[in-house]
Amino acid sequence: MYAYDEIDRTLVNERVAEFRDQVQRRLSGELTEDEFKVLRLMNGVYLQLHAYMFRVAIPYGTLSSAQLRKLAHVARKYDRGYGHFTTRQNIQFNWIALKDLPDALADLAEVGIHAMQTSGNCTRNVTADQWGGVAPDEVEDPRVWAEILRQHTALHPEFSFLPRKFKFAITAADHDRAAIKVHDIGLRLIKNDAGETGFEVLVGGGLGRSPFIAKTIKPFVPGRDILSYVEAILRVYNQYGRRDNIYKARIKILVHELGIEKFAAEVEQAWREIADGPLTLDDEMIEDIRSRFVYPAYEKLSAEPAELRAAAADPRFEAWRKNSVAPHRQPGYAIVTLSLKPVGGPPGDATAEQMDAIADLADKYSFGEIRVGHEQNLALPHVAKRDLPALWAALDAIGVATPNVNLVSDIIACPGLDYCSLANARSIPIAQELTRRFANHETANLIGRLHVNISGCINACGHHHVGHIGILGVEKNDQEVYQITIGGRADEHAKLGELIGPAVPYAEVADVIEDIVEAYLALREKPEELFVDTVKRLGVEPFKERVYATR
Amino acid sequence: MTSPLQQKIKITGPSVVTANRTDDGVVIYRTGSGGWSTELADAAIVREADPARALLAESVADDIGAVGAYIAPVKLGGDGAVIPGNLREQIRKTGVTIALPAQA
Amino acid sequence: MPLVRNGQIVADDFVSVDGDAELPADGAVLVPAARFLAEADALTKLNRPLGVVWPNNRDVAELEPWLDRLALVALVFPTFRDGRAHSQARRLREIYGYRGELRATGQVLRDQFTFLLRNGFDAFDVKKEADAHAFDEATHRYTEFYQPTGDGHLSALQLRKQRHKVTAT
């Protein structure tokens with residue numbers, strides 16, 4: 001956990017006061033909606049179909065139990081008793097009133113939570129591997145750098161009115177859990193041959209109407225230079241990014257239109273102007289931030305405790321353990337993923353009661369810490385293996401132990417037309433139906449790792465382009481129809497999926513997905529060949545033939 | 001941003017003007033008497049471009065009271081009931097098509 | 001549109017002169033970029049305060065040779081959502097060392113004042129009367145800043161480092 005100091009607390013409180021004043025001026029008519037819209041968006045407030053939606057940042061996906069309880073409190077007091085975890089380590093409340101927002105923000109500020117820049121054409125919440133600090137395969141904790149970037153980008157005077165939104169993601173592990181290749185800037189923390197910490201910097205990734213996989217702009221930027229280097233990227237983008245067409249305004253289009261070499265040369269030039277200036281980090285500055293990340297006092301524990309051996313007799317426990325428990329860098333401990341994808345439930349939602357219960361379990365079993373992943377699940381990052389059976393029973397009781405992590409029913413979905421004013425089609429009921437079709441754990445396990453991602457419009461909040469199976473809802477003649485892609489992925493081998501055939505109506509989507517999965521089971525070489533690898537080996541055609549032959 | 005008043009108005013059937021209430025975001029409909037109602041049944045119905053434009057203009061003018069006013073299609077039932085003209089408007093009127101998590 | 005300079009509402013002593021209009025007999029003048037570039041030599045030799053309105057899609061590096069002879073650079077916000085002039089301002093101040101008046105013009109609203117000040121603006125053509133009167137309040141809302149800019153505030157990182165030193169000694 002990062003512990004706020006007086007500077008952080010003061011700044012967040014000052015932001016709350018500023019927003020309170022802005023809301024008051026809007027309600028009194030001093031600000032027009034046109035003026036206020038930009039201001040509210042910069043603080044995470046959208047207007048959706050039924051109400052305002054309030055998006056709160058969970059920087060790099062790390063929460064304390066006190067923070068999670070406060071989110072539950074906001075859900076209960078100002079909303080309808082639940083929240084929705086998004087693909088960018090945010091939580092959204094769907095029914096909040098504008099007049100209550102300043103109070104909700106003030107409550108959140110008490111525990112160091114804010115909504116700064118969770119929307120708007122500015123630098124957004126900095127996301128990172130949700131297993132930062134505990135993953136066995138990481139170079140070092142990426143959250144230290146994510147926090148440095150969070151601070152640097154918060155209320156940045158130069159970059160609060162960019163051509164379009166701007167998203168950072170950081171990973172420090174071999175396996176990319178932060179989807180850095182589909183971000184405006186992706187940072188991969190590495191060590192060079194001299195053992196120096198730095199970053200491979202990627203730029204121009206993004207989904208939406210024109211999806212692009214990010215390209216490497218510089219293979220190694222030393223840690224001390226990272227702020228000045230991203231400042232240079234942002235400065236070039238702020239000046240040259242297109243502002244004439246909202247769909248061409250993201251940095252990915254600028255990079256694409258200029259070409260990565262030319263863009264890199266512009267950045268290099270801008271960087272020369274500011275490198276070695278006040279943005280250069282020294283060890284003391286970095287250590288100051290690092291020192292405020294509190295790590296648990298782990299005990300020396302058995303990697304194979306008796307409790308675990310005893311519980312292995314319970315097939316339900318074993319199914320969950322094999323699915324949802326991951327190795328931890330500390331022997332005797334594990335990372336536990338909490339599935340927010342129950343059969344028949346909306347992906348990523350948690351009730352206030354669940355949040356409170358999870359906060360209590362975090363206190364009891366995970367040193368008071370919770371993580372939020374871009375797959376819309378939660379995690380308890382420091383669980384002693386001996387506690388796994390007891391924890392499982394408690395998680396099962398509150399409905400967050402569905403053993404479907406990374407399986408076909410672990411669906412990523414945007415809110416879709418049920419909530420969102422941009423959506424053309426519904427996402428949630430499609431996801432719910434799919435979780436029912438694949439409710440049988442044996443079957444889902446047999447299918448293996450398979451990511452289904454659903455977006456209700458081309459803006460791609462459900463990351464459909466990079467789902468192993470991607471589902472995109474569109475509207476045609478007042479009807480909801482869905483385009484289906486296969487073969488996409490969001491990890492270190494990021495790739496955009498390919499369209500498998502004509503769009504299908506709402507009622508047929510689940511059937512088509514079932515057919516695709518059946519085709520995969522028939523086509524795969526061996527059970528270990530994942531869906532996405534079969535698509536890679538065979539291409540889309542054989543799937544298309546099998547799925548569309550009878551349609 | 002193009003003001004809604006500068007956009008071309010095309011109406012293919014009975015329509016209403018709808019928006020969200022500024023202080024709490026609730027869905028509202030423009031009434032025939034220059035106010036707003038949360039009930040679609042109270043909405044002023046327009047059938048042609050000119051009256052639609054006029055209704056939209058007075059709605060947009062209420063910048064303090066309402067946000068994002070636009071023209072939405074409706075259908076008229078046999079008994080005179082006003083029914084939302086598409087799925088989006090249906091969802092705005094009757095709510096999400098799923099069970100809310102806290103109620104499930 | 002009231003002009004706020006160094007925190008005070010003041011009368012504008014610059015007269016805007018269009019593309020080919022004749023310059024007034026004396027006093028400070030503000031000319032468009034095209035005219036300035038065409039007549040820069042002559043204009044900068046006149047013994048009167050000179051300003052230029054610089055569009056937000058033109059590289060401020062072009063102004064570099066003249067900066068010590070300019071009394072005013074006016075940067076433009078066609079809408080407050082278009083933030084290009086924020087970068088122009090910082091480059092003028094922090095890279096090219098411009099010390100004259102740097103004025104924000106166009107759609108300049110209260111909620112940008114702090115950002116504008118931090119980026120080096122010291123004069124503001126404020127769109128709304130009420131915002132001009134609220135200048136002092138709006139620009140004292142924040143006491144802590146995360147980024148180092150040319151405005152002299154220490155960034156949080158710098159401040160913490162300084163505090164460590166104080167604690168250590």
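Within every chain, numbering begins at 1; the chains are lettered A, B, ... in the order of the sequence lines, protein sequences first and strands thereafter. All values derive from a computational prediction rather than experimental measurement.
Across all non-hydrogen atoms, the minimal contact from P278(A) to Q158(C) is CB-NE2, 3.9 Å. Closest approach of D59(C) and Y240(A) over heavy atoms only: OD2-OH, 4.2 Å. Residues G83(C) and N238(A) approach most closely at O-ND2, 3.1 Å, considering heavy atoms. Of all heavy-atom pairs between Q239(A) and S87(C), the closest is CG-CB, 3.9 Å.
Counting heavy atoms from C-beta on, the side chains of E18(A) and Y142(C) come closer than 4.5 Å. Residues L11(A) and T143(C) are not in side-chain contact: their nearest non-hydrogen atoms beyond the backbone lie 4.5 Å or more apart. Side-chain contact between I274(A) and I95(C) is present, with heavy atoms from C-beta onward closer than 4.5 Å. Between R84(C) and F161(A), every side-chain heavy-atom pair lies at or beyond the 4.5 Å cut-off. Taking the side chain as every heavy atom from C-beta outward, Q147(C) and H152(A) approach each other to under 4.5 Å.
In this structure, chain A has no heavy atom under 4.5 Å from any part of F77(C). Only the backbone of F145(C) comes within contact range of chain A, with heavy atoms under 4.5 Å apart. With a 4.5 angstrom heavy-atom cutoff, R9(A) does not touch chain C via any of its atoms. Interface residue D5(A): only side-chain heavy atoms are found under 4.5 Å from chain C. Neither the backbone nor the side chain of I286(A) comes within contact range of chain C; no heavy atoms are under 4.5 Å apart. For I289(A), the part sitting under 4.5 Å from any heavy atom of chain C is the side chain, from C-beta outward, and nothing else. Proximity to chain C (any heavy atom under 4.5 Å) is restricted, for R25(A), to the side chain, taken from C-beta onward.
K128(C) places a side-chain N or O within donor-acceptor distance of the main-chain N or O of E30(A), the cut-off being under 3.5 Å. A donor-acceptor pair under 3.5 Å is absent between the side-chain atoms of Q151(A) and the main chain of A156(C), judged by distance alone.
Between R90(C) and E273(A) no salt bridge is recorded (no basic side-chain N to carboxylate O distance below 4.0 Å). With respect to D288(A) and R163(C), no salt bridge is recorded, no charged nitrogen being found less than 4.0 Å from a carboxylate O. We find that D34(A) and R81(C) are joined by a salt bridge, their nearest charged nitrogen and carboxylate oxygen being less than 4.0 Å apart.
Residues of residues 27-47 of chain C lying under 4.5 angstrom from chain A, judged on non-hydrogen atoms, do not exist here. Close approach to chain A, defined as a heavy atom under 4.5 Å from one of its heavy atoms, is seen in L109(C), R110(C), D111(C), Q112(C), F115(C), R118(C), N119(C) of residues 108-120 of chain C, taken by number.
More than 12 heavy atoms of other residues, nucleotides or ligands lie within 6.0 Å of CG in D244(A), so this atom counts as buried by the packing criterion. Sparse packing is recorded around CD of Q269(A), with 12 or fewer heavy atoms of other residues, nucleotides or ligands lying under 6.0 Å away. More than 12 heavy atoms of other shown residues, nucleotides or ligands fall within 6.0 angstrom of atom CG in N245(A). By the 6.0 Å contact criterion, NZ on K99(A) is enclosed, its count of non-hydrogen atoms from other residues, nucleotides or ligands being greater than 12.
The most heavy-atom pairs under 4.5 Å with chain C, out of A154(A), A270(A), A17(A), P157(A), come from P157(A). Ranking N121(A), V38(A), L39(A), L155(A) against chain C, the residue ahead of the rest is L155(A), based on heavy-atom pairs under 4.5 Å.
Taken from CG in L31(A) to CG in D131(C), the straight-line distance is 7.5 Å, to the nearest 0.5 Å. The structure places NE2 of H86(C) at 9.0 Å from CD of E158(A), a figure rounded to the nearest 0.5 Å. Note: I7(A) CD1 to L159(C) CG = 4.5 Å, rounded to the nearest 0.5 Å.
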* List the steps, then state whether side chain to side chain contact (heavy atoms under 4.5 Å, CB included) holds for F80(C) with E35(A). => CA-CA 9 Å; F80(C) 68 98; E35(A) 292 162 346; 4.3 Å; yes
* Asked: Step by step, would you call M285(A) with R160(C) a side chain to side chain contact (heavy atoms under 4.5 Å, CB included)?
  -> CA-CA 8 Å; M285(A) 291 169 170; R160(C) 287 171 185 142; over 6 Å; no
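For the residue pair T10(A) and E144(C), no side-chain donor N or O sits within less than 3.5 Å of a side-chain acceptor on the partner.
Among R242(A), R164(A), R243(A), the one residue that satisfies the salt bridge (Lys or Arg N to Asp or Glu O under 4.0 Å) test with D82(C) is R243(A).
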